[in-house]
Undergrad: 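Please read through the structure below; I'll follow up with questions.
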Amino acid sequence: MKKKILLGLVTLLAYSCDPVSDMEADISNTTSQNLSIRFVSSTFAEDTKTLEIESGETILFQQATSTTGSFLEPSLIQFDSIYIQDTSEEVLKIFKPDTPGKNIYDIDAFWNAREPSKRLYFYEYQITNEDIQ
């Protein structure tokens, strides 16, 4: 019985020492109009989603946790294209993975990243008036 308790405590201790990483990715609308962002996946229809972002608002796009303590960043590979629309559903901008210039798919170049503490990652993408004109 003592061996089982000791084994249980050792196992619990080993699992509680695993490093955990957390990531949060936000999208900000710094434009003067309310926007809708459609993330489209032709491969997996269930991955398609739409975010409504009011002018001046920041909303959560993606969260992730890793129990291996590894580096985390937003993932857009499951989306074929990303549409930014106004409230009348007029398409203002279409992003594809190979769109030249400022591109939401390019995490390293166009997302603001910070690591406020070890294994805690925050990302923010800002949509500006210049992006939708």
Undergrad: Just by distance, no angles: are the side chains of T128 and E130 close enough, under 3.5 Å, to form a donor-acceptor pair?
TA: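 Their side chains do contain a donor-acceptor pair, which is all the 3.5 Å distance test asks for.
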Undergrad: Which word best sums up how the rings of W111 and Y123 line up, parallel for under 30°, tilted for 30 to 60°, or perpendicular for over 60°?
TA: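 Judged by the thresholds at 30° and 60°, the geometry between W111 and Y123 is perpendicular.
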Undergrad: Going by ring-ring contact (aromatic ring centres under 6.0 Å, His included), name the residues that satisfy it together with F95, two or more places apart in sequence or in a different chain.
TA: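 ring-ring contact (aromatic ring centres under 6.0 Å, His included) check on F95 returns nothing, list empty.
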Undergrad: Taking side chain to side chain donor-acceptor pair (under 3.5 Å) as the test, write out the residues that go with E24, two or more places apart.
TA: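 E24 satisfies side chain to side chain donor-acceptor pair (under 3.5 Å) with no other residue.
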Undergrad: Could you pull out all residues at least two apart from T87 that satisfy side chain to side chain donor-acceptor pair (under 3.5 Å)?
TA: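 None.
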Undergrad: Going by an N to O cut-off under 4.0 Å, is there a salt bridge joining R119 and D22?
TA: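 Salt bridge absent between R119 and D22.
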Undergrad: Around atom CG of L60, are there more than 12 heavy atoms of other residues, nucleotides or ligands at under 6.0 Å?
TA: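 More than 12 heavy atoms, drawn from other residues, nucleotides or ligands, come within 6.0 Å of this atom.
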Undergrad: Is there side-chain contact between T58 and E124, with at least one heavy-atom pair below 4.5 Å?
TA: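 Of all side-chain heavy-atom pairs linking E124 with T58, at least one is under 4.5 Å.
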Undergrad: Can you pull out every ring-ring contact (aromatic ring centres under 6.0 Å, His included) where at least one residue sits in residues 67-88? Sequence neighbours excluded, please.
TA: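 Every pair satisfying ring-ring contact (aromatic ring centres under 6.0 Å, His included) with a residue in residues 67-88: F39-F79, F71-Y121.
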Undergrad: For residues 88-99, which residue pairs pass the side-chain hydrogen bond (donor to acceptor under 3.5 Å, both in side chains) check, not counting sequence neighbours?
TA: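 Passing the test, one end in residues 88-99: D86-S88.
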Undergrad: Under 3.5 Å, is there a donor-acceptor pair between the Q126 and T30 side chains?
TA: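 On atom types as modelled, these side chains do not qualify, holding no pair under 3.5 Å.
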Undergrad: Identify, with sequence neighbours excluded, every residue that meets side-chain contact (heavy atoms from CB on, under 4.5 Å) alongside D108.
TA: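 Here the qualifying residues are E73, D106.
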